[in-house]
Visitor: 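One structure follows; several queries about it will come next.
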2 protein chains.
Amino acid sequence: MPGKRSLVRSGTTVDQMVRAIADRIVTGYLRPGERLDEGSLAARFDVSRTPVREALGHLSAMGLVERRPNRGAIVAVITQEHLASMFESMAELEAICARFSAARMTGGERRSLEIEHLASARLVQIGAEEDYEYFNTEFHTRLYRGAHNTHVYDLTVMTRSRLAPFRRAQFMLPGRLAKSWQEHDVIVTAIMRGDGMAAGKAARDHVSIVSEASAVFAAVDPVHPEFSQSARR
Amino acid sequence: MPGKRSLVRSGTTVDQMVRAIADRIVTGYLRPGERLDEGSLAARFDVSRTPVREALGHLSAMGLVERRPNRGAIVAVITQEHLASMFESMAELEAICARFSAARMTGGERRSLEIEHLASARLVQIGAEEDYEYFNTEFHTRLYRGAHNTHVYDLTVMTRSRLAPFRRAQFMLPGRLAKSWQEHDVIVTAIMRGDGMAAGKAARDHVSIVSEASAVFAAVDPVHPEFSQSARR
DNA sequence: AGAGCATAAAGTGCATGCACTTGCCTCGCC
DNA sequence: GGCGAGGCAAGTGCATGCACTTTATGCTCT
């Protein structure tokens, strides 16, 4: 019966489904190539197939799932080549954001970027990887916003979300935390003195390094072998 | 009754709907802010509301329509600011494509790019605006492909399609045809000698000029006042 | 007469049902 | 024993129906 949802969260049912499924893909709970059966998903979340179908449509448009007509949906399989192309795009997009940020950030934006960045040095010292990862995301988001270009922001965030599953392990390499901070520092310094070219180059290099650090883990593909089939009689 | 479609084209019904509606938006037949009533669209194309809904979902993900929960969908209203951000992104994306193309195009790609470009000079001479516009699209597509980066290609094509409605009139400015060709020429020359920086700059400038040429018409918003409500008793 | 409220109409959101497609499995055939 | 045709089960694609939300309309009361 419509109107009463068991796990009441927010937005329409379709939105919830999109978030729920996207989350499971991005966190790696659902693995590339894994079958996404409409019926099972519907049962799993206690909704009908209609919103699940719509959600799969959205996710397909976002590139997180692949849909073959009449043949169901699977979690998008990213080839090594496509992955590389996404990391490269990401580097370019971040370079654009940094370059624009250097030229356009307001005083407030510059201040808070620098303050937060300096504060994060503590997280590096104490080796708080979890917290640093959260800060790292914030830091990059500031760059994207600082560019003051909504479309670039959208493209960048979209690309980042697509890469999310492949970046999980980036801080597991020893010493990556401190290196990351230093790379951020170069970007911040360039932005503070309004040097767009330097900021762009620093941002591009930063992402390229992350890309290499992540590529190591891309081939491995860890996480959950199960899920997806428990509601199959 | 499912299985028999009146206007048999290709792909699933949803795909047809996406193309049909997107086409009407991109060509300006449906104007920004115009109401997209599921029932009317369904009747208009002789399908049920389900595929129409899914299509609207896709279009919403593509940014061509806006959807307010429980309040229906409208053709996306692009603010002047957002439009500017998209043109700026486009310039940056094309710059990336040109830069990469200069470094990565194969011999064959370079040759055909140059040949086609030189051939298009004729279209300029005889003032074949229609034909030149077609060639122009091809030319840019070559640049996107030449970058050899599928994700950048996707982002660029996506952005271009979103800008399409606002570029309709770009060749209506007197002398724009010849100017366009000369700008292309700078890009091609730079690519042929493998100068990525110059190619990128030339491409960025080219798009910026198109942007300005188009901005003139953005405010006007021509085309069809009717449609959308004839199936309302 | 105008503001506020009730009520109806329109339209969206989701559930359900059925036809069609696909993939698998079995059975007959060579 | 391998191979192809037929049939079966699972699953997708779309249509339809109903509940809920929003919006338009008319009515009352001040």
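Below, chain A is the first sequence line, B the second, and so on; all start at residue 1.
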Visitor: Taking CD from Glu38(B) and C1' from dG13(C), how many angstroms apart are they, rounded to a whole number?
Guide: 8 Å
Visitor: For dA15(D) and Ser48(B) - does any side-chain N or O of the residue sit under 4.0 Å from the phosphate oxygens OP1/OP2?
Guide: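 Yes, because at least one side-chain N or O of Ser48(B) sits under 4.0 Å from OP1 or OP2 of dA15(D).
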Visitor: In whole angstroms, how far is the P atom of dC14(D) from the CG atom of Asp15(B)?
Guide: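 For the pair Asp15(B) CG and dC14(D) P, the rounded distance is 9 Å.
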Visitor: Without decimals, in angstroms, what is the distance between Arg71(A) CZ and dA9(D) P?
Guide: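 Rounding to the nearest Å, CZ of Arg71(A) and P of dA9(D) are 22 Å apart.
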Visitor: Taking atom CG of Leu155(B) and atom CD of Glu92(B), what is their separation to the nearest 0.5 Å?
Guide: 13.5 Å
Visitor: Can you measure Arg49(A) atom CZ to dG17(C) atom C1' for me and round it to whole angstrom units?
Guide: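 Result: 10 Å.
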Visitor: Is there a side-chain polar atom (N or O) of Thr13(B) under 4.0 Å from OP1 or OP2 of dC14(D)?
Guide: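 Indeed, a polar side-chain atom of Thr13(B) lies that close.
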Visitor: Would you kindly give the CG-to-C1' distance between Leu41(B) and dT12(C), to the nearest whole Å?
Guide: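 Value for this atom pair: 13 Å.
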Visitor: Using atom CZ of Arg53(B) as one end and atom C1' of dG17(D) as the other, report the distance to the nearest whole Å.
Guide: 14 Å
Visitor: Heavy atoms, side chains only, cut-off 4.5 Å: are His148(B) and Glu88(A) in contact?
Guide: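 SC-SC contact between His148(B) and Glu88(A) ruled out.
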Visitor: To the nearest Å, give me how far apart CG (Asn70(A)) and C1' (dT21(C)) are.
Guide: 5 Å
Visitor: Rounded off to whole Å, could you give me the CG-to-P distance for the Asp37(B) and dT23(D) pair?
Guide: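 Rounded to the whole Å, the gap is 14 Å.
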Visitor: Taking it one step at a time, do Glu54(B) and Val18(B) satisfy side chain to side chain contact (heavy atoms under 4.5 Å, CB included)?
Guide: CA-CA 9 Å; Glu54(B) 273 193 57; Val18(B) 170; over 6 Å; no
Visitor: What residues in residues 56-68 of chain A put a non-hydrogen atom under 4.0 Å from any atom of DNA chain C?
Guide: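 Of all residues in residues 56-68 of chain A, none places a heavy atom under 4.0 Å from DNA chain C.
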Visitor: Name the one of Leu41(A), Val52(A), Ile74(A) that satisfies side chain to side chain contact (heavy atoms under 4.5 Å, CB included) with Leu36(A)?
Guide: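 The single option meeting the side chain to side chain contact (heavy atoms under 4.5 Å, CB included) with Leu36(A) is Leu41(A).
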Visitor: Just wondering, do Cys97(B) and Val152(B) contact through their side chains at under 4.5 Å, heavy atoms?
Guide: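 Touching, per the 4.5 Å side-chain cut-off.
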Visitor: Just do the side-chain hydrogen bond (donor to acceptor under 3.5 Å, both in side chains) check on Thr141(B) and Arg160(B) with the steps written out, would you?
Guide: CA-CA 10 Å; Thr141(B) 303; Arg160(B) 176 171 68 175; 3.2 Å; yes
